[in-house]
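To start, the structure itself, in structure tokens.
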Amino acid sequence: MCYKIRSALGNVGGGTRKAFEKKITQNNRFENWVFPEIEEGKPTKYNWVIQHKDNFELGYKTDIGAFSYINAKYGVTIEDFVQIGSHCSLYSVSTIDNKQGQVRLKKNCKIGSHSVIMPNITIGENAIIGAFSFINCDIPDNVIVAGVPAKEIGKLTRK
């Protein structure tokens with residue numbers, strides 16, 4: 001599948017829209033992918049950790065970066081072809097504001113490194129989350145968001 005990123009920023013710093021357009025393609029780096037062995041509260045061989053693994057669903061050919069943390073007490077579903085950068089946190093429960101609810105990452109979404117996803121959130125299909133983003137509301141399909149809190153900065157359109 002091929003998508004073009006179209007930035008909502010238009011001309012930035014003297015650059016053109018073309019400078020912000022990139023192709024995203026699924027590559028073959030997952031050719032020999034196998035489901036990782038997951039033990040409660042212990043790092044996988046890829047150095048990410050999950051709590052409440054019985055409430056966790058992992059899709060096919062996913063990529064979760066090192067030092068990421070997933071709390072699945074109220075459910076976390078990661079669909080096929082999702083990529084999560086290193087040092088990310090996914091919370092189905094928050095002890096700060098007592099929110100709780102399932103986190104769902106839909107097919108082919110991408111989460112940038114060091115991002116935080118709060119409880120009861122759905123990230124849409126093909127959505128892209130910029131690095132260091134804080135997600136506290138649902139993200140629709142085919143958009144690019146970034147920031148604290150995350151705001152939409154672009155849309156993906158089929159080529």
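Values reported hereafter were calculated over all heavy atoms of this structure, with side chains retained and with hydrogens, waters and symmetry mates removed. This is a predicted model, so every value here is computed, not measured.
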Linking I/L/V/M/F/W/Y whenever any side-chain heavy atoms sit under 4.5 Å apart, do [X] and [Y] land together?
{"X": "Met118", "Y": "Phe56", "value": "no"}
{"X": "Trp33", "Y": "Leu105", "value": "yes"}
{"X": "Tyr60", "Y": "Val34", "value": "no"}
{"X": "Ile135", "Y": "Tyr69", "value": "no"}
{"X": "Val93", "Y": "Ile96", "value": "no"}

Contact summary for [X] and [Y], nearest pair of heavy atoms:
{"X": "Glu79", "Y": "Arg104", "result": "OE2-NH2, 2.8 Å"}
{"X": "Asn55", "Y": "Ala72", "result": "CB-O, 2.8 Å"}
{"X": "Gly124", "Y": "Cys109", "result": "O-CB, 3.5 Å"}
{"X": "Lys106", "Y": "Glu125", "result": "CB-N, 3.5 Å"}
{"X": "Ile139", "Y": "Ala127", "result": "CG2-CB, 4.0 Å"}

Applying side chain to side chain donor-acceptor pair (under 3.5 Å), name anything that partners [X], two or more places apart in sequence or on another chain.
{"X": "Gln102", "value": "Thr77"}
{"X": "Asp97", "value": "Ser94"}
{"X": "Glu57", "value": "none"}

What's the separation between atom [atom1] in [X] and atom [atom2] in [Y], rounded to the nearest 0.5 Å?
{"X": "Phe81", "Y": "Asp63", "atom1": "CZ", "atom2": "CG", "answer": "12.5 Å"}
{"X": "Ile128", "Y": "Lys155", "atom1": "CD1", "atom2": "NZ", "answer": "13.0 Å"}
{"X": "Asp54", "Y": "Glu40", "atom1": "CG", "atom2": "CD", "answer": "7.0 Å"}

Tell me, which pairs form a side-chain hydrogen bond (donor to acceptor under 3.5 Å, both in side chains) where one or both residues lie in residues 114-124, sequence neighbours left out?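 Not a single pair qualifies under side-chain hydrogen bond (donor to acceptor under 3.5 Å, both in side chains).
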Residues two or more places apart in sequence or in another chain: which of them pass salt bridge (Lys or Arg N to Asp or Glu O under 4.0 Å) with Glu39?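 Partners of Glu39 by the salt bridge (Lys or Arg N to Asp or Glu O under 4.0 Å) criterion, ordered by chain and then number, come out as Lys42.
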Close side-chain approach of Val116 and Val148, heavy atoms under 4.5 Å: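 Answer no - side chains too far apart.
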Close side-chain approach of Asp138 and Ile121, heavy atoms under 4.5 Å: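 Yes. Closest side-chain heavy atoms under 4.5 Å.
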For Asn108 and Lys110: C-alpha separation, side-chain torsions, deciding distance, then whether side chain to side chain donor-acceptor pair (under 3.5 Å) applies. CA-CA 7 Å; Asn108 201 45; Lys110 315 251 184 286; 3.0 Å; yes
Can you list, pair by pair, the side-chain donor-acceptor contacts under 3.5 Å of residues 84-92, counting residues two or more places apart and other chains?
unit_1: Ser92; atom_1: OG; unit_2: Asn71; atom_2: O; d: 2.9
unit_1: Ser92; atom_1: OG; unit_2: Lys73; atom_2: N; d: 3.0
unit_1: Ser92; atom_1: OG; unit_2: Tyr74; atom_2: N; d: 2.8

Taking side chain to side chain contact (heavy atoms under 4.5 Å, CB included) as the definition, give me every residue that meets it alongside [X], ordered by chain and number, with sequence neighbours left out.
{"X": "Tyr46", "value": "Pro36, Thr44, Trp48"}
{"X": "Asn98", "value": "none"}
{"X": "Pro140", "value": "Val143"}

With Leu58, the side-chain contact (heavy atoms from CB on, under 4.5 Å) member among Ile50, Val82, Ile64: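 Only match with Leu58 under side-chain contact (heavy atoms from CB on, under 4.5 Å): Ile64.
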